[in-house]
Amino acid sequence: MVQAYILIQTEVGKAASVAHEISGIQGVTQAEDVTGPYDVIVRAEAHNVDELGKLVVAQIQAVEGITRTLTCPIVHI
């Protein structure tokens, strides 16, 4: 299982609606609107890196109001 944090920038005033919509996507375990340089932080999981990439590109980035994403895979050292 691969897990990642996805940091999201949104259009002005869209953070809450983006977080709400993303929270319903399968593979997303948590989606919170926050303050700071990013507007929404998502925790997601998938079986492998390829599936994680598909989740981000095909489903999360397709949500209206998102301007940029940064995916940070979780590593256990």
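The shown structure was predicted, so the numbers you read here are calculated from the model rather than taken from an experiment.
For Val49, the side chain to side chain contact (heavy atoms under 4.5 Å, CB included) partners two or more places apart in sequence, or in a different chain, are Val2. Residues satisfying the side chain to side chain contact (heavy atoms under 4.5 Å, CB included) criterion with Ala15, sequence neighbours excluded, are Thr10, Asp33, Asp39, Val40. Not counting sequence neighbours, the partners of Arg43 by the side-chain hydrogen bond (donor to acceptor under 3.5 Å, both in side chains) test are Gln3, Tyr5. Scanning for side chain to side chain contact (heavy atoms under 4.5 Å, CB included) contacts around Asp50 gives Asn48, with sequence neighbours left out.
Residue Leu7 holds its CG atom at 5.5 Å from CD1 of Ile41, rounded to the nearest 0.5 Å. To the nearest 0.5 Å, atom NE2 of residue His47 and atom CG of residue Leu55 are 11.5 Å apart. How far CD of Glu11 is from CD1 of Ile66: 10.0 Å, rounded to the nearest 0.5 Å.
Under a hydrophobic-cluster definition in which Ile, Leu, Val, Met, Phe, Trp and Tyr are linked whenever side-chain heavy atoms come within less than 4.5 Å, directly or via other members, Val57 and Ile22 are assigned to different clusters. There is a path of hydrophobic side-chain contacts, each under 4.5 Å, that joins Ile74 to Tyr38.
When all heavy atoms of Ala4 and Pro73 are compared, the closest pair comes out as CB-CA, 3.7 Å. Looking at every heavy atom in both residues, Ala46 comes nearest to Met1 through O-SD, 3.1 Å.
Applying the side chain to side chain donor-acceptor pair (under 3.5 Å) rule to pairs touching residues 16-28 yields nothing, sequence neighbours excluded. Pairs passing the side chain to side chain donor-acceptor pair (under 3.5 Å) check and including a residue from residues 54-64, sequence neighbours excluded, read Gln61-Thr69.
A 4.5 Å side-chain heavy-atom check between Ile60 and Ile8 finds at least one atom pair inside the cut-off.
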